*Asks:* 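Shown below is the structure under consideration.
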Amino acid sequence: MLRTHTCGELRIKDVQQRVTLTGWVQRQRDKGSLLWIDLRDRYGITQLFLEEGKSAPKLLETARAVGREYVVRVTGIVVERMSKNDKMPTGDIEIKVEEFDILNPSKVPPFTIEENTDGGDDLRMKYRYLDLRRAPVRDSLLLRHQMSQQTRAYMDSLGFIEVETPVLIKSTPEGARDFVVPSRIHHGEFYALPQSPQTFKQLLMVSGFDRYYQIVRCFRDEDLRADRQPEFTQIDCEMAFVTREDILHTFEGLIRHLFKKVKGYDLPALPHMSYADAMKNYGSDKPDTRFGMTFTELNSQTQGKGFQVFDSAELVVGISVPGAAGYTRKQLDELTEFVKRPQVGAKGLVWVRYEESGTLKSSVDKFYDEAALKTWAAACSAKPGDLLLVLAGPTDATRKALSELRLLMGSQLGLRDKNTFSALWVIDFPLFEWDEDAKRFNAMHHPFTSPKHEDLHLLDKDPAKVRANAYDMVINGSEVGGGSIRIHDRPTQQLMFSKLGFTEEEARKQFGFLMEAFEFGAPPHGGIAFGFDRLCAIFGGAESIRDFIAFPKNNAGKDMMIDTPSTISQDQLNELALSIKPAK
Ligand code: ASP
C-alpha cells in the first residue's frame with residue numbers, strides 16, 4: 001500500500017519510527033513558525049507538524065498550499081507531543097513531516113467535514129460521499145456492518161442457510177403498494193419489486209430447507225412519512241416444524257446475541273404482552289416500556305357526577321405522571337394544546353394536581369370535590385407530588401391520544417434515554433382489521449398468517465374477535481420485527497382469502513402457486529422479519545434510520561445525489577410501449 005500505517009493507529013510506543021501515512025486534510029493551523037495539519041482516514045486522525053527553520057522550505061511551501069480535503073501522502077518521524085490530547089486515540093503523538101506529496105487536490109467542500117457539520121440536510125444528501133467521510137456517519141455504517149456480521153454468525157451457528165430470492169416478482173400483499181417494473185419483452189406486463197420475500201420463504205419450507213434467513217432489500221411504495229425509506233432491509237427468517245414458542249425463543253436469542261456482541265450489553269429476557277393488554281395499558285401495540293405511567297380506566301370513579309364530557313364518554317382513562325404536580329398553569333395549557341392537535345385528536349384534557357401537601361386541585365373542581373379526586377388518585381396509585389392527566393371519548397381514539405401524551409411526558413421527564421433498552425414481545429394480535437373506506441376486513445399482519453386454533457370457531461360468527469398467531473418484537477417503543485405462524489393447508493388459506501374479500505378466481509390467479517404448493521406436503525412453519533435499518537438505528541442510539549444506510553433517499557423519496565426518480569428517454573418509453581401523459 002501507499003502507506004505504512006493508518007491515521008488511527010500510532011501511539012506513544014511508536015515514537016522514533018519513520019512512517020508513511022495517507023489521507024484527507026481535515027484542517028490546517030498555521031502559527032507562522034509552526035504548521036499543523038490534521039490528517040484523516042477511515043481509522044482516525046493523526047496530527048502532522050512542520051517547523052519554520054527546521055523543515056525544508058520546499059516542504060513548508062507544499063504543506064501550506066493544501067486546503068481542506070486534499071488527498072496527501074506524508075512520510076515522517078513519530079514524536080511525542082508537547083501538549084497531549086486525551087480525546088484522541090493518537091493524541092499522545094504527532095508526525096514530524098519529512099516528505100509531503102499531494103496525491104489529489106480538492107475543491108472547497110460545500111460543508112465542513114467534521115464531527116459536527118454546518119451542512120443542511122439536502123446539501124449533505126447531494127454530496128453524500130462527503131458526508132460519509134464524517135466520523136458519526138462512518139461509525140453508523142461500521143455499526144451496521146457489525147450487526148450484519150453478527151446476525152450471520154448467529155444464524156449460521158443455528159443451521160440457518162442464507163438463500164437469495166428474486167427481486168423481479170409478482171406482487172405480494174403486505175399492505176403497501178408495489179413498485180412495478182415494465183417488461184420490454186412482454187408489452188403491457190409488469191414485474192413487481194418484493195415488499196418482502198414472504199411467499200418465497202414459505203415455498204423454501206415446502207422444499208424442506210427447514211431454516212432459512214436472508215438479509216434482504218424490500219420495496220414498499222408507501223405514502224411518504226418521516227423516516228420511511230422506499231427501499232429498506234430486513235433480516236428475513238423462516239423455520240419449519242416449529243411452534244410460536246420456538247420462534248420467539250430463537251429470535252429473542254438473536255437480539256440478545258446482537259446486544260451482547262455489538263454493545264456488550266446483557267439484554268434481559270423479553271416479557272410477553274398480549275395485544276389486548278398493550279392497548280389497554282399503553283394505548284399502543286408498540287409500547288415504550290422504558291418507563292411506567294400505565295393507563296388507569298376511570299369510568300366508575302368519574303361518571304355520574306354531572307360532568308357531561310365524562311358521562312357521555314365510552315372511555316375515561318388517565319395516567320399519573322410522577323413528580324409533575326408542580327407543572328405550571330402555562331405548562332398544563334401547553335399539554336392541553338398538544339392533545340388537541342389534529343394528529344393527537346383529543347377534545348380536551350383534564351388534570352389533577354396531587355400537591356405535596358396532600359391537597360388535590362383539578363381543572364374540573366366544579367364537578368368533583370376533593371374526596372372524589374382522591375378516588376381517582378387511589379385508582380391510579382398516585383402519590384403526593386404527582387400529576388394526573390385524564391382524557392375521555394371513544395375507546396380507540398382516546399387510548400391513542402393518551403399514548404401520545406404518555407410518550408410526551410416520558411420525554412419531558414427524561415425517561416426515554418436512548419442508551420437504556422427495554423424489549424418485549426407483543427403477541428396475540430387480531431387476525432383482521434376493519435377497513436372503513438373499503439368496508440371490509442384486511443389482514444392485520446398478512447393473509448398467510450394462521451388464526452389461533454382456539455379462535456377458529458369465531459371466523460364466521462365474529463371475525464373481528466379472531467386472534468392471529470402473530471407476534472411483534474418491540475424495543476423502546478419501536479416495532480423492530482414481526483412475524484407469525486403460517487397457514488400451511490389449502491382449505492384454510494382459501495378460506496382466509498375469501499374472508500378478505502378475494503373471489504376464488506382472484507385468489508387462484510394471485511396465489512394459486514402457493515396454495516398448490518400446500519397440496520404437496522407443506523410442513524407447519526412460521527417466521528419473522530426484522531427491520532434491519534431501524535434495528536441499527538436503535539443500537540446506534542439515533543432517531544433516524546438515514547445515517548445507517550449508505551445512500552438513502554430523502555423524506556420525499558428522492559435520491560438527491562443521483563437525482564432520481566427521473567424521466568427516461570422517449571426511446572426507452574417506446575421500447576416499453578409506455579406513454580406518459582404530459583404533467584399539467
Ligand atoms: N413478511 C413479513 C413482513 O415483512 C414478516 C413475516 O411475516 O415473516 O412484515
Side-chain angles (χ1 to χ4, degrees), residues 8 42-44 86-87 89 115 134-158 160 213 215 227 232-237 245-273 278 282 284-294 406-407 410-411 413-427 471-483 528-550:
R42 185 188 123 189
Y43 307 91
D86 58 12
K87 295 202 183 71
E115 191 85 12
R134 293 174 49 235
V137 189
R138 175 195 69 210
D139 290 347
S140 299
L141 286 192
L142 295 182
L143 176 95
R144 184 184 176 105
H145 167 74
Q146 279 183 303
M147 295 284 284
S148 61
Q149 292 304 306
Q150 287 301 334
T151 298
R152 292 199 160 93
Y154 177 85
M155 299 305 281
D156 186 58
S157 77
L158 293 184
F160 282 81
Y213 84 105
I215 299 183
D227 216 29
F232 60 97
T233 303
Q234 288 191 338
I235 308 173
D236 189 48
C237 313
E245 272 50 49
D246 298 317
I247 301 228
L248 300 190
H249 178 78
T250 306
F251 293 100
E252 176 162 341
L254 170 63
I255 287 298
R256 298 179 73 192
H257 172 87
L258 291 174
F259 269 107
K260 183 79 197 166
K261 294 287 177 182
V262 178
K263 296 201 71 79
Y265 175 65
D266 284 305
L267 185 74
L270 275 63
H272 295 188
M273 188 187 294
Y282 295 89
S284 166
D285 59 1
K286 39 181 196 303
D288 186 341
T289 49
R290 278 174 295 185
F291 64 102
M293 282 189 226
T294 49
R406 173 181 175 271
L407 292 177
S411 298
L413 268 55
L415 302 172
R416 302 179 72 197
D417 172 22
K418 60 188 173 38
N419 293 313
T420 302
F421 299 100
S422 179
L424 73 153
W425 289 108
V426 177
I427 57 173
Y471 31 80
D472 276 357
M473 187 188 284
V474 175
I475 303 181
N476 292 359
S478 277
E479 179 208 323
V480 297
I528 190 166
F530 290 91
F532 187 58
D533 312 291
R534 167 72 46 212
L535 201 58
C536 291
I538 290 175
F539 272 63
E543 294 288 322
S544 164
I545 62 176
R546 223 197 260 171
D547 279 347
F548 297 82
I549 299 171

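No experiment lies behind these values; they were computed from the predicted model shown.
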*Asks:* A quick test of your reading: do over 12 heavy atoms of other residues, nucleotides or ligands sit less than 6.0 Å from NE2 of H272?
*Replies:* yes
*Asks:* Suppose we screen for side-chain hydrogen bond (donor to acceptor under 3.5 Å, both in side chains). Which residues come up paired with S422, at least two apart in sequence or across chains?
*Replies:* T289
*Asks:* For R152, which residues count as a salt bridge (Lys or Arg N to Asp or Glu O under 4.0 Å) partner, sequence neighbours excluded?
*Replies:* E162
*Asks:* Could you work out, with side-chain hydrogen bond (donor to acceptor under 3.5 Å, both in side chains) as the rule, every residue matching T233, not counting sequence neighbours?
*Replies:* R144, R217
*Asks:* Rounded to the nearest 0.5 Å, how far apart are CG of L535 and CD1 of I255?
*Replies:* 4.5 Å
*Asks:* R138: what forms a salt bridge (Lys or Arg N to Asp or Glu O under 4.0 Å) with it, not counting sequence neighbours?
*Replies:* none
*Asks:* Got a sec, which residues hit side-chain contact (heavy atoms from CB on, under 4.5 Å) with L158, two or more places apart in sequence or on another chain?
*Replies:* Y154, F160, R211, T250
*Asks:* I'd like to know if D227 and R534 make a salt bridge, using a cut-off of under 4.0 Å between side-chain N and carboxylate O.
*Replies:* yes
*Asks:* Can you name the residues that form a side-chain contact (heavy atoms from CB on, under 4.5 Å) with T420, not counting sequence neighbours?
*Replies:* R290, D417
*Asks:* Please identify each residue that fulfils side-chain hydrogen bond (donor to acceptor under 3.5 Å, both in side chains) with E252, with sequence neighbours left out.
*Replies:* W425
*Asks:* Quick one: does L424's side chain get under 4.5 Å of P287's, heavy atoms only?
*Replies:* yes
*Asks:* Calculate, to the nearest 0.5 Å, the distance between atoms CE and CZ belonging to M473 and F251 respectively.
*Replies:* 9.0 Å
*Asks:* Looking at CG of L258 and CD of Q149, how far apart are the two atoms once the value is rounded to the nearest 0.5 Å?
*Replies:* 11.5 Å
*Asks:* Could you tabulate the donor-acceptor pairs under 3.5 Å formed by side-chain atoms of residues 263-270, not counting sequence neighbours?
*Replies:*
residue	atom	partner	partner atom	Å
K263	NZ	F539	O	2.7
D266	OD1	K260	NZ	3.2
D266	OD2	K260	NZ	3.3

*Asks:* How would you list, by chain and number, every residue that makes a salt bridge (Lys or Arg N to Asp or Glu O under 4.0 Å) with D285, sequence neighbours excluded?
*Replies:* none
*Asks:* Listed by chain and number, what are the side-chain hydrogen bond (donor to acceptor under 3.5 Å, both in side chains) partners of D139, not counting sequence neighbours?
*Replies:* none
*Asks:* Looking at side-chain heavy atoms only, is the closest gap between V426 and K286 below 4.5 Å?
*Replies:* no
*Asks:* Quick one: salt bridge (Lys or Arg N to Asp or Glu O under 4.0 Å) partners of R256, sequence neighbours excluded?
*Replies:* none
*Asks:* Flag the pair L413 / M293 as yes when at least one side-chain heavy-atom distance between them is below 4.5 Å, and no otherwise.
*Replies:* yes
*Asks:* Any side chain to side chain donor-acceptor pair (under 3.5 Å) involving residues 473-483? Give me the pairs, sequence neighbours left out, ordered by first then second residue.
*Replies:* none
*Asks:* Are M155 and Y213 close enough that some pair of their side-chain heavy atoms sits under 4.5 Å apart?
*Replies:* yes
